[in-house]
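Naming: A, B, ... by sequence-line order, numbering from 1 per chain. For the numbers below, each heavy atom of this structure counts, side chains included, while hydrogens, waters and symmetry mates do not.
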Amino acid sequence: MKINISSNSEWNDEFLQKIENDGPWGNWELYKLAVQMEENLIIPDFEGLQAPKHLPHLTPLPHQLEAAKQVVEKMNGKAILADEVGLGKTIEAGLILKEYMIRGLVKKVLILVPASLVSQWAFELNTKFHIPAVAQRKSYVWESCDVVISSIDTAKRAPHRDIIFNQEYDFIIIDEAHKLKNNKTKNYEFVQNLKKKFCLLLTATPIQNKVEEIFHLVSLLKPGHLGNASLFSEKYKGKGRNIIEDEHLKELVNTVMIRNRRADTGIEWTKRHVETITIEFSPTEQALYDAVSQFKPISEGTKGSTFSALTLQREACSSREAVYYTLKNMKAKYEDPSPDYMEKLDDLFTKVNETVQNSKAEKALELIKKIDDKVIIFTEYRATQLYLQWYLQQNGISSVPFRGGFKRGKKDWMRELFQKNIQVLIATEAGGEGINLQFCHHLINFDLPWNPMRLEQRIGRIHRLGQEEDVRIYNFATKNTVEEHILKLLYEKINLFEKVIGELDDILTKLDISNIEEYLIDVVGESKTEGEMKIKMDNFSSLIQFAQSMKEGEVHAATGNS
Amino acid sequence: MQQQEIHDFLRTYFQANDCEILNDGGSHLTVQLSIDMDKELMNRPFYWHYLEKTGGIPNPAVITFITNPEQAPADLKGEMIHFGSPRLHQIIQSTKKLAGYTRLFENAPPVKSGGNNPLFPWLTLNVKISYQCDRKKDTFMSIGLNLISGEIMEGFHNRLLPIKVTPKIPDYSFTLSPLIMPKSGLARLDTYIRTSFEGDDHLWAEEAMKRWQDDLKLLEHFYKDMEEKSDSYFTEKEALKAQYEPNIRISIINGGLFYLSERALG
């Protein structure tokens, strides 16, 4: 077999030059040292990990070392790292990157992460791995630095995009890669066009809703591994999340994906304590809730209408500000509404104005004072977030907001403020992902998302490796509202909150429901009577419980990394 | 690599570069850098530029390295040095740079009193051979070529280690002129190195080729339905080549000319 052999002639030229000039010559002691040290740096085997030897201050967990080894030896440096939240995917990625850099196979590296995580990645790679990673802030960085960290949103924009496409990257890491599940997005297209010699995709939730998501992720990494698009959808379409039941597909996916589960790692986790706090509306709040429940918003199709009505109800459980904001948008949206509709809207505005207190906020204040420690409050609504910040401030409690839309510097700053000086951090959903707040162990769910995975992610912000205290979660639910239905009929029945992180993920994988949120909206919104809804919810939760009992019987067989 | 070995390496490096060792505690080392070494290691060109322009008094840095944190005094401030620390790798690179080429003479006692010692010219190379695909391993090779007889010896560096050498030609010694010119000597050594692994079984490369072919097949399949292939197809194809294509790289660590007596190599 013909193998390309290369050598560097520069040494020869300089040597001949030195002979001609009679020196200068290196000293014998140094000459011997150079050989001795180089011999130490020789890597005698294709197999095995060199990185741990170089990182005496890092003690990776066994599953992290195993993952790194597997990616290098079995997966040829292209893998989806899909450990459950909080098992240290960053450490695994760092180990793998370090390994390739030590072996001299990788020099130029691009790391794409959510904006809120850029500084954190830079910090971890520099301090834990001695990898000189640079957060991209100036455009010359792309060319002049070898290891660059950026958000995908920055990277895909001009002028960065073209500069990036002109670089020869050896290694690409993408954090929170589940955001690339849709192959129609600009982000997907951008990543698809990157040259990926070695590549890691990091996500805790490789499949959120549809089986196509895993197809798109794998196709980014290794096009063709799961066949081409038409063939794949022919074979698996409509199979929902239970595709992992398909032995063949499972096997294929497992050759490019590593998924460690909390239960398999044998790590001792701190406990979760969950407390549901039921809140009763004040009369004016009740009046607002009732009014929006009666209201039928104009929208295309019945589904849309149900959705808007439910949104208003859920918002009324959060704050009147959230309701106001949505109503205002509704009003602005229709150019030519009927007088009747306008009247109804105006009536609702009046109800908003008449609402004089926020019972949940009062409860939150009381709780925060009692806790007397750092607290994170999650809300679905930005209007609620603003209101809460104002309300707490009125009552002498310092807080900082946190949103996905913040610029990176601001996110870092908010996190820092929260860690050092401020008692409360108020985050909206978009801010929930990818920020690590394990220095805090109290979490208030001011309102609840209807997608259990999102709830997981919220909790995962504080219940992760590095959390030393038991985690306390307080769920707020207003009595006799949609919120209470979801909490009591679903989340509590399936013991969602007590589950260790990721277990739920497992269970949902078994269910053939393509979109849980849509399903719940359907159940809650379209049921004609409360009885009907209860029955449907019961059915749904027994389904989950059934899947759970199935799972207990075959913990490893089902979805382990065989 | 043991911490003790790192400690010894640092000490030798700084001594060989004329830096004063201010304190050697076994677990830590404090060094007064010379001006040249400050320029080499401290990366502060502006300081030196400024100083040279203004004619100020140079104040090269003092650095403390901690090689064994468990035994070093707890309040000692210094840089932790371990196998993976960037500073160690900087110093290794510097060592290679400062000692890439040498020419030395054996300091041999005369064979008989009053006689003169003939010294034979040897050209030597220490090389690292890297076998690279999506994985990589290295081997080390040290060879020497007698520039008169054309004899080639392996494991040359280890044979040199016990010999007393000096940078200046010793009294009562004289060098024999090479019959093989250094340039063609280098060519001979290069050929020798290349033939050394020619006969090896290159299973690693065959396996890499197979992995490459497998991934290529998948890629073709993925884009099968696309009549005019998109850019991403070609990018991906390039990436597979970069990932898997086997090659062997020869890199020279250092080398030089050694003038040795006939008996030196036994």
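- Proximity to chain A is absent for every atom of B/I6, based on heavy atoms less than 4.5 angstrom apart.
- In this structure, A/H130 has its ring center no closer than 6.0 Å to that of B/H89.
- B/F222 and A/S219 make their closest contact through CE1-OG, 3.4 Å (heavy atoms, listed as atom of the first residue, atom of the second, distance).
- Considering every non-hydrogen atom in both B/G100 and A/W11, the closest pair reads O-NE1, 3.3 Å.
- Ranked by non-hydrogen atom pairs under 4.5 Å with chain A, the options B/N254, B/T235, B/I253, B/T95 are led by B/N254.
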Verdict with supporting geometry, A/D22 and B/R103, side chain to side chain contact (heavy atoms under 4.5 Å, CB included): CA-CA 9 Å; A/D22 196 23; B/R103 186 196 58 191; 2.4 Å; yes

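- Considering only heavy atoms from C-beta on, A/L41 comes within 4.5 Å of B/F83 through its side chain.
- When B/D215, B/L218, B/D214 are each tested for a side-chain contact (heavy atoms from CB on, under 4.5 Å) with A/H225, only one passes: B/L218.
- Atom NZ of B/K136 and atom CD of A/Q50 lie 11.0 Å apart (nearest 0.5 Å).
- For B/P182 against A/L16, the heavy-atom pair with the smallest separation is CB-CD2, 3.9 Å.
- For the side-chain contact (heavy atoms from CB on, under 4.5 Å) with A/I5, the qualifying choice from B/N247, B/D190, B/I250 is B/I250, the only one to do so.
- Residue B/Y244 touches chain A through its side chain alone, counting heavy-atom pairs closer than 4.5 Å.
- Residues B/L123 and A/F15 have side chains in contact (heavy-atom distance under 4.5 Å, counting atoms from C-beta outward).
- Of the possible donor and acceptor atoms, none in the side chain of A/R103 sits under 3.5 Å from a partner among the backbone N and O of B/R135.
- By the 4.5 Å heavy-atom criterion applied to side chains, A/N12 and B/I252 are counted as neighbours.
- Closest non-hydrogen pair, B/D138 versus A/I42, comes out as O-CG2, 3.6 Å.
- Between B/F258 and A/W28, the angle of the ring planes goes over 60°, which puts this pair in the perpendicular group of the 30/60° scheme.
- Only the side chain of B/N17 has a heavy atom closer than 4.5 Å to any heavy atom of chain A.
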